[in-house]
Structures are given as C-alpha cells and as structure tokens.
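Note that this is a predicted model, so its numbers are computed, not measured. Hydrogens, waters and symmetry mates are skipped; everything else that's a heavy atom, side chains included, is used.
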Amino acid sequence: MRASLPQRILLGVVAAVTGAVFGIAGTIAHSFTLGVLPVGLVLALIGCAALLVGLRLLFPHRWITWIGGLGMLATLLLFSGQGPGGSVVVPQPAEGEFPLGIVWTYAVTGVVLLVGAWPDLSRLRTTPRPGAGDTGASGDDPARARRIDP
C-alpha cells in the first residue's frame with residue numbers, strides 16, 4: 001500500500017518536527033554531567049538514536065529517517081551558534097576541558113548517518129539448501145542460497 005502525496009508530506013513534516021524536538025532537547029541537555037560522567041550526552045545520544053531507529057523500523061522508506069535526522073542536525077546547527085541576546089547553548093570548551101559540545105556535534109551526526117544508511121535487512125531471503133531436510137531440486141545452486149531481492 002502506497003501513501004498518498006498529502007500523507008507523505010504530513011509524515012515528512014512530523015518526522016522533521018520530531019527530530020527537531022529531540023535535537024533541541026539533546027543540544028540543551030548534552031552538557032549535563034554527574035562528576036566526570038557525561039550523563040546528558042549519553043542520554044541525548046540514546047534518545048536521538050532511539051527515535052531514528054524507531055523511524056527506520058516503522059516505515060519502509062529511508063527518507064523518513066533522513067528527514068528526522070535533518071531536523072535534529074538543523075536544530076543542532078541553529079542552537080550551536082550565538083543567539084540574538086549573545087547567549088550560547090553549546091559553548092566552546094575552556095583549555096583543558098573535555099569538549100562535550102564538539103563530541104555531541106559529531107556523535108549526533110554519526111548516529112544520523114549510521115541509522116539512515118543502515119541496510120534494509122528485511123529484504124534478505126534465504127532459500128533452503130539442497131539436502132538440508134528437503135529433497136532438493138536438480139536446479140538448486142548452493143552458491144545462490146542467499147540472495148537479495150531487487
């Protein structure tokens with residue numbers, strides 16, 4: 001079943017807004033630490049990855065995941081700069097300080113790329129091998145036991 005154009009547009013908008021919300025929350029919360037443990041960074045990455053994996057698993061098309069990831073990256077870019085009042089959400093680290101903001105920027109980009117580029121494993125199909133519990137047809141080729149459908 002194929003979605004209509006208005007449904008696809010709505011789905012794209014919802015994915016972008018949801019990705020943007022997770023991007024904002026992660027960008028704001030990534031700097032929270034308990035002692036030396038970057039709890040905010042870890043939880044923000046887990047949340048963003050969970051959203052993208054959920055989009056990837058729920059919908060058969062990658063573009064929904066890419067749009068959600070672009071929403072995350074757009075808000076990361078927007079909130080990483082200096083605001084109109086001079087405030088900075090992702091400050092540059094002081095010398096000798098661990099650069100949580102830089103790690104957050106690269107980590108969320110990596111998560112978006114990894115989840116968006118992950119192959120669709122549901123298209124893999126296995127055919128039974130000859131002699132593995134079946135009678136085997138004379139035309140079976142063991143080299144083609146695994147193949148990907150187009």
Side-chain angles (χ1 to χ4, degrees), residues 1-129 132 141-150:
M1 184 173 108
R2 208 166 145 86
S4 67
L5 181 62
Q7 289 173 332
R8 287 185 280 173
I9 291 172
L10 181 63
L11 187 58
V13 168
V14 169
V17 169
T18 307
V21 167
F22 274 69
I24 290 170
T27 301
I28 291 170
H30 82 277
S31 61
F32 177 73
T33 59
L34 282 176
V36 296
L37 299 174
V39 176
L41 178 70
V42 171
L43 291 177
L45 280 174
I46 289 172
C48 287
L51 172 68
L52 293 175
V53 167
L55 288 174
R56 186 77 174 97
L57 291 174
L58 283 175
F59 301 104
H61 305 289
R62 285 177 209 259
W63 65 267
I64 299 166
T65 306
W66 287 116
I67 289 176
L70 287 175
M72 281 180 199
L73 295 175
T75 55
L76 169 67
L77 179 66
L78 180 69
F79 283 94
S80 292
Q82 188 172 2
S87 63
V88 178
V89 176
V90 184
Q92 182 176 359
E95 192 169 327
E97 187 177 297
F98 187 74
L100 280 175
I102 294 171
V103 171
W104 166 247
T105 302
Y106 286 120
V108 76
T109 303
V111 165
V112 169
L113 290 173
L114 180 68
V115 175
W118 194 261
D120 184 7
L121 300 177
S122 67
R123 292 182 181 233
L124 287 178
R125 182 179 77 168
T126 60
T127 56
R129 291 184 182 169
D141 182 7
R144 293 181 4 149
R146 262 198 188 299
R147 72 169 214 203
I148 299 174
D149 288 335

Requested in this report: Working to the nearest 0.5 Å, report the span between OG1 of Thr18 and CE of Met72.
Outcome: 9.0 Å
Requested in this report: Identify the residue among Ile46, Val53, Leu45 that makes a side chain to side chain contact (heavy atoms under 4.5 Å, CB included) with Val111.
Outcome: Leu45
Report summary line: In terms of heavy-atom contacts, Pro38 and Thr33 come closest through CA-CG2, 3.9 Å
**Report entry** Spacing of CH2 belonging to Trp118 relative to CG belonging to Leu57, to within rounding of 0.5 Å
**Finding:** 11.0 Å
Requested in this report: Check Gly26 against Trp104 and note the closest heavy-atom contact, atom names and distance.
Outcome: C-CZ2, 3.5 Å
Query - Leu11/Arg8 under side chain to side chain contact (heavy atoms under 4.5 Å, CB included): CA gap, chis, key distance, verdict - result: CA-CA 5 Å; Leu11 187 58; Arg8 287 185 280 173; 5.5 Å; no
Report summary line: To the nearest 0.5 Å, atom CZ of Phe59 lies from atom OG1 of Thr65 at 9.0 Å
Query - Separation of Thr27 OG1 from Leu77 CG (nearest 0.5 Å) - result: 10.0 Å
**Report entry** Candidate list Leu51, Ile64, Asp120, test side chain to side chain contact (heavy atoms under 4.5 Å, CB included), partner Arg56, passing option
**Finding:** Asp120
Query raised in the report: What is the distance from atom CH2 of Trp66 to atom CG of Leu52, rounded to the nearest 0.5 Å?
Result: 9.5 Å
Query raised in the report: Between atom CD1 of Ile28 and atom CZ of Phe79, what is the distance when rounded to the nearest 0.5 Å?
Result: 6.0 Å
